[in-house]
Amino acid sequence: MLLSHRSSAEPFSKADLKVLHDMARQVGIVSHSILLYKDLQWSRQKLVNAREEERRRLRRDLHDGLGPSLASLAIKIDVAQSIMDQDPFKSQKLLIEMDSQIKQLIQDIRRLVYSLRPSTLDELGLLSAIRELASQYKMGPIHFIVQGPESCPPLPAAVEVAVFRIVQEAITNVVRHSGAKQCIIDITLDKTLLLTVIDDGLGLSDNLQFGIGIKSMKERAEELGGSFYVHSPSAGGTEIKAELPI
């Protein structure tokens, strides 16, 4: 609010200032509410766009991948049945081809399901799924340590997926770019879930431009009402922290 008195000879009185302070307070509340409403609209739009993009991807994968494969299987079954008596050798060959094709289809379906929600979360739980993820690099030069509560209470599905994906991206960055010897992944549960990933590598350069991976991790945390930041401590290495409401 930009205000001025009527003239240099007529400054604001105490009564004027009191009214203006009260009015400014009310205008501030209204302005803040407008900003919150805009943020809410932006968040809703972002969620809708993300959902529709995911639906488009699923439709493309189902239409272009699984659809034609299933159609060709149906044709091969009809052909195998029609020539079973006249040419059993060719019929058997078709059955062998179909067996291989069905196994490939199963892998494709698993890939589609995994992209929606990692199956290890349902099979092992969050902490064990993260340990399983880190164990894939046990033969590499980086020693991964996963720390967390002995028993993990039931968590919202969206929080589990967000934490798993953030850790997945963080591990990828550590392996590719950090030059670290050790990486600690720690999960603390209180009123919120606090995820910390710390490595002892080279750290972040001053002129580093964050790529898609870091932005994706930040978005995953913030779209659930959480926070995310990444920095290099003075002792070296890189620290990632994500706090999510549970």
Side-chain angles (χ1 to χ4, degrees), residues 43-140 144 146 152-176 185 195 211-217 219-221 223-224 244:
S43 298
R44 284 177 175 172
Q45 181 182 353
K46 191 174 180 182
L47 286 174
V48 170
N49 289 340
R51 183 187 66 197
E52 294 306 319
E53 285 297 326
E54 186 68 12
R55 286 179 174 177
R56 179 188 295 177
R57 184 188 66 80
L58 282 172
R59 182 182 183 280
R60 183 177 63 247
D61 288 347
L62 292 172
H63 181 271
D64 298 343
L66 295 180
S69 297
L70 289 171
S72 69
L73 275 175
I75 294 172
K76 286 180 179 179
I77 289 173
D78 291 340
V79 173
Q81 286 178 332
S82 65
I83 64 173
M84 189 172 293
D85 295 331
Q86 294 86 354
D87 194 344
F89 177 77
K90 189 174 181 180
S91 177
Q92 185 179 13
K93 186 178 178 182
L94 281 173
L95 290 173
I96 293 172
E97 289 179 5
M98 283 188 285
D99 178 68
S100 176
Q101 192 171 350
I102 288 171
K103 289 177 180 176
Q104 182 60 48
L105 278 172
I106 292 173
Q107 291 182 2
D108 291 343
I109 292 172
R110 283 176 178 167
R111 176 181 57 80
L112 284 172
V113 172
Y114 186 84
S115 67
L116 295 175
R117 176 177 168 86
S119 58
T120 51
L121 286 176
D122 296 320
E123 296 167 2
L124 305 174
L126 178 59
L127 277 171
S128 296
I130 291 174
R131 289 191 176 101
E132 175 71 19
L133 185 65
S135 70
Q136 298 174 13
Y137 300 93
K138 62 183 178 182
M139 302 304 292
F144 286 95
V146 180
C152 198
L155 297 171
V159 170
E160 287 188 329
V161 173
V163 171
F164 185 85
R165 295 302 189 195
I166 290 172
V167 171
Q168 189 176 40
E169 185 63 37
I171 288 177
T172 300
N173 287 343
V174 170
V175 171
R176 287 182 179 175
I185 302 166
L195 167 68
I212 295 176
I214 293 291
K215 292 177 181 177
S216 174
M217 288 190 280
E219 288 174 358
R220 285 186 182 277
E223 71 185 6
L224 295 178
L244 301 172

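Keep in mind that what you see is a predicted model, and the values were worked out from it rather than measured. For the single chain, residues carry numbers from 1 onward in sequence order.
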Atom pairs and distances, donor-acceptor, side-chain atoms in residues 89-102, under 3.5 Å, two or more places apart:
| residue | atom | partner | partner atom | Å |
| --- | --- | --- | --- | --- |
| Ser91 | OG | Ala80 | O | 3.2 |
| Asp99 | OD2 | Lys103 | NZ | 3.4 |
| Gln101 | OE1 | Lys76 | NZ | 3.1 |
| Gln101 | NE2 | Ser69 | O | 3.1 |
| Gln101 | NE2 | Ser72 | OG | 2.6 |

Nearest heavy-atom neighbours spanning [X] and [Y]:
{"X": "Ala129", "Y": "Leu121", "answer": "CB-CD2, 4.0 Å"}
{"X": "Arg220", "Y": "Val161", "answer": "NH1-CG1, 4.4 Å"}
{"X": "Leu124", "Y": "Ser128", "answer": "O-CB, 3.4 Å"}
{"X": "Leu224", "Y": "Ala158", "answer": "CD1-O, 3.6 Å"}

Do [X] and [Y] come close enough that some side-chain heavy atom pair is under 4.5 Å?
{"X": "Arg165", "Y": "Pro118", "answer": "yes"}
{"X": "Val163", "Y": "Ile130", "answer": "yes"}
{"X": "Thr120", "Y": "Phe164", "answer": "yes"}
{"X": "Val175", "Y": "Phe144", "answer": "yes"}
{"X": "Leu195", "Y": "Leu244", "answer": "no"}

Atom [atom1] of [X] and atom [atom2] of [Y]: how far apart are they, to the nearest 0.5 Å?
{"X": "Ile75", "Y": "Leu70", "atom1": "CD1", "atom2": "CG", "value": "11.5 Å"}
{"X": "Ile185", "Y": "Ile171", "atom1": "CD1", "atom2": "CD1", "value": "4.0 Å"}
{"X": "Ile166", "Y": "Glu169", "atom1": "CD1", "atom2": "CD", "value": "10.0 Å"}

Qualifying residues under side-chain hydrogen bond (donor to acceptor under 3.5 Å, both in side chains), relative to Asp122, sequence neighbours excluded: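 Arg117.
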
Step-by-step side chain to side chain contact (heavy atoms under 4.5 Å, CB included) determination, Val146 to Leu133: CA-CA 10 Å; Val146 180; Leu133 185 65; over 6 Å; no

Chi angles and distances behind the side chain to side chain contact (heavy atoms under 4.5 Å, CB included) call for Leu126, Val159: CA-CA 10 Å; Leu126 178 59; Val159 170; over 6 Å; no

Non-neighbouring partners of Glu223 that pass side-chain contact (heavy atoms from CB on, under 4.5 Å), sequence neighbours left out: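 Residues passing side-chain contact (heavy atoms from CB on, under 4.5 Å) with Glu223: Leu47.
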
Ser135: partners by side-chain contact (heavy atoms from CB on, under 4.5 Å), with sequence neighbours left out: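 Partners of Ser135 under the side-chain contact (heavy atoms from CB on, under 4.5 Å) test: Glu132.
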
